[in-house]
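A note on names: the letters A, B, ... follow the listed sequences, proteins ahead of strands, and every chain is numbered from 1. FYI, side chains are in, hydrogens and waters are out, and symmetry mates aren't considered; it's all heavy atoms of this structure.
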2 protein chains.
Amino acid sequence: MNETLLKSGDNTDELWPTLVELVFATKSWWVALCSEFDLTPVQGQALRVLDPERPIPMSTLAEQLLCDASNVTGIVDKLESRGLIARQGADHDRRVKQLAVTERGCQIRDKLIAAIMTPPRSVIGLPREVKTRLADILRTLLNERGLSR
Amino acid sequence: MNETLLKSGDNTDELWPTLVELVFATKSWWVALCSEFDLTPVQGQALRVLDPERPIPMSTLAEQLLCDASNVTGIVDKLESRGLIARQGADHDRRVKQLAVTERGCQIRDKLIAAIMTPPRSVIGLPREVKTRLADILRTLLNERGLSR
DNA sequence: TATTGTTATACTCTATAACTATA
DNA sequence: TATAGTTATAGAGTATAACAATA
């Protein structure tokens with residue numbers, strides 16, 4: 001066995017643990033961000049996932065929030081009572097309710113998404129090629145089965 | 001204005017959005033992982049954060065879970081009732097209760113942490129230098145104010 | 001019959017405030 | 001007085017099961 005190789009192997013395996021730490025650390029980031037808009041984390045997710053251009057059924061929102069359909073009723077109730085989203089009957093099937101984002105909802109959604117998409121300084125400062133390379137790696141990771149679900 | 005530069009700039013700013021997507025996607029990964037051990041996500045965090053070598057006070061666990069101390073009582077109750085952790089009186093101050101991980105708790109904790117720390121294929125396959133470089137970047141990101149809290 | 005969304009129920013996580021036992 | 005942990009309370013997220021309206 002080559003000691004140098006072994007040692008190197010240990011040191012370089014910091015990547016995954018660091019990524020895991022980062023993932024755990026971002027929880028408070030998201031909670032704090034949502035709370036700036038008086039949204040709970042799940043409400044923030046719902047508003048983020050909803051598309052102002054294309055209303056989606058309640059069941060689709062349930063899928064995207066990874067929760068049971070029965071929960072969506074309550075989550076949507078709260079956002080609707082604040083006038084951020086609206087239930088709309090669907091023409092083709094009167095059972096489904098399409099979820100639309102209101103004008104007021106769009107204003108908050110835009111700010112929320114802008115805040116999400118603003119990269120931290122240490123990301124902005126990276127060389128262009130490093131960013132591209134890194135993005136590719138993370139994208140591959142994202143598409144790998146087992147992580148996203 | 002140089003069009004080529006502008007275009008390049010746009011394309012390379014995939015990094016942060018991809019990382020954000022990854023962070024959101026990992027929620028279900030963590031939920032599923034904890035559920036394999038019959039743990040809720042917060043219970044999993046508690047077991048992960050507790051150190052079998054060094055018991056910590058309830059208040060410290062509250063800090064690490066980023067929640068109010070009053071919640072910790074219930075979370076600890078559940079883990080203790082399953083025999084995974086134990087409250088121990090502290091000698092120096094009889095108000096504080098040190099949280100220790102039991103032998104049974106260690107068994108589950110070890111498996112949980114092993115599962116967390118197992119890198120996905122796409123990470124394992126990366127060249128050594130790439131991993132090191134990437135880990136450095138993520139570490140910098142992790143230490144930046146505003147993300148971790 | 002099957003599906004969409006709702007309601008009822010029960011459990012966990014969460015914060016705030018009041019309490020206890022120590023310090 | 002101040003602090004560590006608890007309890008009481010209320011609100012939000014979660015799943016399961018039963019239900020109404022519609023397909």
Side-chain angles (χ1 to χ4, degrees), chain A residues 24 27-28 30-50 55-82 84-100 149, chain B residues 24 27-28 30-50 55-82 84-100 149:
Chain A
F24 285 136
K27 187 202 166 189
S28 59
W30 179 242
V31 172
L33 186 53
C34 288
S35 114
E36 284 180 31
F37 300 97
D38 280 307
L39 296 168
T40 64
V42 173
Q43 286 167 10
Q45 278 298 344
L47 200 55
R48 183 182 85 95
V49 161
L50 287 176
I56 57 168
M58 309 270 292
S59 56
T60 305
L61 181 57
E63 280 170 26
Q64 300 212 260
L65 294 181
L66 299 164
C67 72
D68 190 84
S70 62
N71 303 317
V72 177
T73 301
I75 294 165
V76 165
D77 279 349
K78 280 160 204 129
L79 291 172
E80 194 175 30
S81 70
R82 281 178 60 186
L84 305 183
I85 67 176
R87 286 171 167 96
Q88 296 174 341
D91 300 335
H92 63 293
D93 187 337
R94 293 198 312 192
R95 289 174 304 179
V96 334
K97 292 174 186 169
Q98 305 278 7
L99 298 175
R149 44 170 166 160
Chain B
F24 285 136
K27 188 203 166 189
S28 60
W30 180 243
V31 172
L33 186 53
C34 288
S35 113
E36 284 180 30
F37 301 97
D38 281 306
L39 296 168
T40 64
V42 173
Q43 286 166 8
Q45 277 298 344
L47 201 55
R48 184 182 85 95
V49 162
L50 288 176
I56 58 168
M58 310 269 294
S59 55
T60 305
L61 181 56
E63 280 170 27
Q64 301 211 260
L65 295 181
L66 299 163
C67 72
D68 190 85
S70 62
N71 303 317
V72 177
T73 300
I75 295 165
V76 165
D77 279 350
K78 280 159 206 128
L79 291 172
E80 194 175 31
S81 70
R82 281 178 59 187
L84 305 182
I85 66 176
R87 286 171 166 96
Q88 296 174 340
D91 299 336
H92 63 292
D93 187 337
R94 292 198 312 193
R95 290 173 303 180
V96 335
K97 292 173 187 170
Q98 305 276 8
L99 298 175
R149 45 173 164 157

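- Of the candidates D/dG5, C/dT16, D/dA12, C/dT16 carries the atom nearest the B/D68 side chain, counting heavy atoms from C-beta on.
- Using a 4.5 Å heavy-atom cutoff, the side chains of B/W30 and B/R48 are in contact.
- In this model, the phosphate group of D/dT6 is approached by a side-chain N or O of B/R87 to a distance below 4.0 Å at OP1 or OP2.
- Between B/V96 and B/M58, every side-chain heavy-atom pair lies at or beyond the 4.5 Å cut-off.
- Side-chain contact between B/T73 and B/K97 is absent, with no heavy atoms from C-beta onward closer than 4.5 Å.
- Under the 4.5 Å side-chain criterion, counting only non-hydrogen atoms from C-beta, A/I75 is not in contact with A/L61.
- As a whole-Å value, the separation of B/N71 CG from D/dA4 P is 16 Å.
- When the nearest nucleotides of DNA chain D are assigned to B/T60 and A/S70 by heavy-atom distance, the more 5′-ward of the two goes with B/T60.
- The CG atom of B/L39 sits 13 Å away from the C1' atom of C/dT12 (whole-angstrom rounding).
- The side chain of B/Q43 contributes an N or O atom lying less than 4.0 Å from OP1 or OP2 of C/dC13.
- Distance CD (A/E63) to C1' (C/dT3): 13 Å, rounded to an integer number of Å.
- For D/dG13, the OP1/OP2 oxygens have a side-chain nitrogen or oxygen of A/T40 closer than 4.0 Å.
- With contacts defined as side-chain heavy-atom distances shorter than 4.5 Å, the pair A/L39/A/R82 qualifies.
- We find that CD1 of A/I75 is positioned 14 Å from P of C/dG5, with the value rounded to whole Å.
- With the nearest nucleotide of DNA chain C identified for both A/P57 and A/K27, A/P57 has the one nearer the 5' end.
- In this structure, B/D38 atom CG and C/dC11 atom C1' are separated by 15 Å, rounded to whole Å.
- Distance, A/D77 CG to D/dG13 P: 11 Å, rounded to whole Å.
- Remark: side-chain polar atoms of B/E80 are paired, donor with acceptor, to backbone N or O of B/R87 under 3.5 angstrom.
- Across the protein-nucleic acid pair, A/R82 atom CZ and D/dG11 atom P stand 16 Å apart, rounded to whole Å.
- Spacing between atom NZ of B/K97 and atom P of C/dT20 amounts to 15 Å, rounded to whole angstrom units.
- For the side chain to side chain contact (heavy atoms under 4.5 Å, CB included) test with A/Q64, the passing option among A/V49, A/V72, A/L50 is A/V49; the others fail.
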Pairwise N/O distances under 3.5 Å, protein to nucleotides 20-23 of chain D:
from   : atom 1 : to    : atom 2 : distance (Å)
D/dA23 : OP1    : A/R94 : N      : 2.9

